[in-house]
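Chain A is the first sequence line, chain B the second, and so forth, proteins listed ahead of strands; every chain is numbered from 1.
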There are 2 protein chains.
Amino acid sequence: MAKLTGTRTFEQVLAEIERRIILSGLRVGDRLPGERQLAEELQVGRSSVREALRVLETLGLVECQVGRGPNAGAILTYDPDGTLTDLLRLNLSLSSLTMREIIDTRLMIEQWSAGQAAHGPHAEHTRAMTAALAAMDSAATPEEFVAHDMAFHIALTDAAGNTLNSAIMRALSNTLRHYAVEAVHRLGHTADLQADHRLIHTAITTGTPADAVAAVTEHLGRAYPLATPM
Amino acid sequence: MAKLTGTRTFEQVLAEIERRIILSGLRVGDRLPGERQLAEELQVGRSSVREALRVLETLGLVECQVGRGPNAGAILTYDPDGTLTDLLRLNLSLSSLTMREIIDTRLMIEQWSAGQAAHGPHAEHTRAMTAALAAMDSAATPEEFVAHDMAFHIALTDAAGNTLNSAIMRALSNTLRHYAVEAVHRLGHTADLQADHRLIHTAITTGTPADAVAAVTEHLGRAYPLATPM
DNA sequence: GATCGGTGTATGGTCTGACAATATTTGGTC
DNA sequence: GACCAAATATTGTCAGACCATACACCGATC
């Protein structure tokens, strides 16, 4: 193995795995060689291979399973949400980020998504929004309400058709979950929020992009009073 | 150590380190205990501690240095750019993301940032933008031009005051660097781009938010013809 | 032939001990 | 006081061993 890029062994393993993924045209669902085999092929210790796999797992690129058979070992996957959620949580713990910034970024993504979605949303996503609306109506607890509220807003983001934004939005939602549950507790009721949701849904399915953006801005301003409208 | 959350040992180490960071109020710049000490305190093997540290390093939360003294060991840091850049690059390799999505997300962030920045940018960032403009004027190669172009757009994002968006923008810029260099090569000149840049700068310092958004939209539409204006 | 059950085995997960590489600290010498 | 050599603390790496897990295989039984 070339000793060129990166002095640490596991970084070279990382680069080599990345190279193989590109060269071999591996796709999500495909399997990587076992740790022992990789270690022997690359002439490195198994611990270096393991550290490289840990990095790939952290980046949401592989999932590791023990045992035997076609599902065992390191399998290529696609889960940036987990990485981003961890990233946000830990940087909040370190006070490198503020809740305010997270809320503002969410507002940005939802405004943009609403505008895009209003151009021509896929039925799949508007159906998911409708289902979430009904589920929120019959939610018995704030926790349950917020779970479906998250689904609604994620479906709205998905409707814009940008998977990167969707991944970021999922991570933001995960991070804001507790915050949102508390907010619903304080509010005591969800009628206003649901009215907003229905306005958003209507604007996206039958209104103009400007209507959709306005509806989202109005709603998030109510749900997160700190947020500054653009 | 409690065996409650997560079956894998290194995940428990991860949780314990995170708990200590929160409880001890550790901040960026502070040092974590050494690998051996952590292993003994938590009654786990050193390899488990190392895998946990590798995860934290991947998430841009710690940097590890060998040797002795106050700078050795795992030091808390703040570098989400690196994580996000890796995330984008690897997901592009796996075709889980498209260049188009990255460009659209960049457009979204810059539009939002321009609107926010026009409300009242800090002198620090407008100065950085001015410096980048001058550097672009005297750039001898497309590579050099793009380096300062990135600095300009990052300064614009910084001017909006959201560090999360700035981190995402940095990662997006890193990912688009090659693409941008090729685009400048094809274009053959940079006069139009610089004219756009000056319009953006003027709009942010003396114009309305709507002017700033329009200037950014116009510019990115020219630089990345694929991008769909909102 | 089909089904059930036990055994084998490949795989990740972990620990231990050892050594190498590196950067600082320490102490001795001029 | 300045400079150089040795001690030391730290991460980086490897090798080997063992455990837990989940499937594969094969034989016995119906």
For [X], enumerate each residue passing the side chain to side chain contact (heavy atoms under 4.5 Å, CB included) test, keeping only those at least two apart in sequence or located in another chain.
X         : answer
Ser24(B)  : Arg20(B), Leu26(B)
His185(B) : Pro142(B), Glu143(B), Val181(B)
Arg19(B)  : Glu16(B), Leu23(B)

Taking only residues two or more places apart in sequence or in another chain, which ones pass salt bridge (Lys or Arg N to Asp or Glu O under 4.0 Å) with Asp86(B)?
Arg89(B)
Check salt bridge (Lys or Arg N to Asp or Glu O under 4.0 Å) between Arg106(A) and all other residues, then give those that pass, not counting sequence neighbours.
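Per chain and number, Arg106(A) pairs via salt bridge (Lys or Arg N to Asp or Glu O under 4.0 Å) with Glu110(A).
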Just the atom pairs and distances: protein N or O near nucleotides 7-9 of chain C's N or O, under 3.5 Å.
{"unit_1": "dG8(C)", "atom_1": "N2", "unit_2": "Arg68(A)", "atom_2": "NH1", "d": "3.3"}
{"unit_1": "dT9(C)", "atom_1": "O4'", "unit_2": "Arg68(A)", "atom_2": "NH1", "d": "3.0"}
{"unit_1": "dT9(C)", "atom_1": "O2", "unit_2": "Arg68(A)", "atom_2": "NH1", "d": "3.2"}

Whole angstrom value for the distance that separates [atom2] of [N] from [atom1] of [X]:
X        : N       : atom1 : atom2 : value
Leu38(B) : dG12(D) : CG    : P     : 14 Å
Phe10(A) : dG12(D) : CZ    : P     : 7 Å
Arg54(B) : dG13(C) : CZ    : C1'   : 17 Å
Glu35(B) : dT16(C) : CD    : C1'   : 15 Å
Glu63(A) : dT11(C) : CD    : C1'   : 16 Å
Arg31(A) : dC23(D) : CZ    : P     : 12 Å
Leu14(B) : dG13(C) : CG    : C1'   : 16 Å
Asn71(A) : dA24(D) : CG    : C1'   : 14 Å

Listed pairs under 3.5 Å, donor-acceptor, residues 67-74 of chain A side chains, sequence neighbours left out:
none

Are the charged groups of Glu51(A) and Arg54(A) less than 4.0 angstrom apart, N to O?
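Salt bridge: no.
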DNA chain C-proximal residues of residues 45-53 of chain A, any heavy atom under 4.0 Å
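Output list: Arg46(A), Arg50(A).
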What contact category does Gly67(B) fall into here, base, sugar-phosphate, or nothing, at under 4.0 angstrom with non-hydrogen atoms?
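Result for Gly67(B) = base.
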Strictly by ring-ring contact (aromatic ring centres under 6.0 Å, His included), give each pair with a member in residues 153-176 of chain B just once, sequence neighbours left out.
His153(B)-His197(B), His153(B)-His219(B)
Between His201(B) and Thr126(B), is any side-chain donor less than 3.5 angstrom from a side-chain acceptor?
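Note: His201(B) and Thr126(B) side chains miss the donor-acceptor criterion.
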Given dG13(C), dC15(C), dC14(D), which nucleotide is nearest the side-chain atoms of Val44(B)?
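Of the options given, the side chain of Val44(B) lies nearest dC15(C).
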Side chain of Arg8(B) (C-beta onward), nearest among dT24(C), dT10(D), dG13(C)
dG13(C)
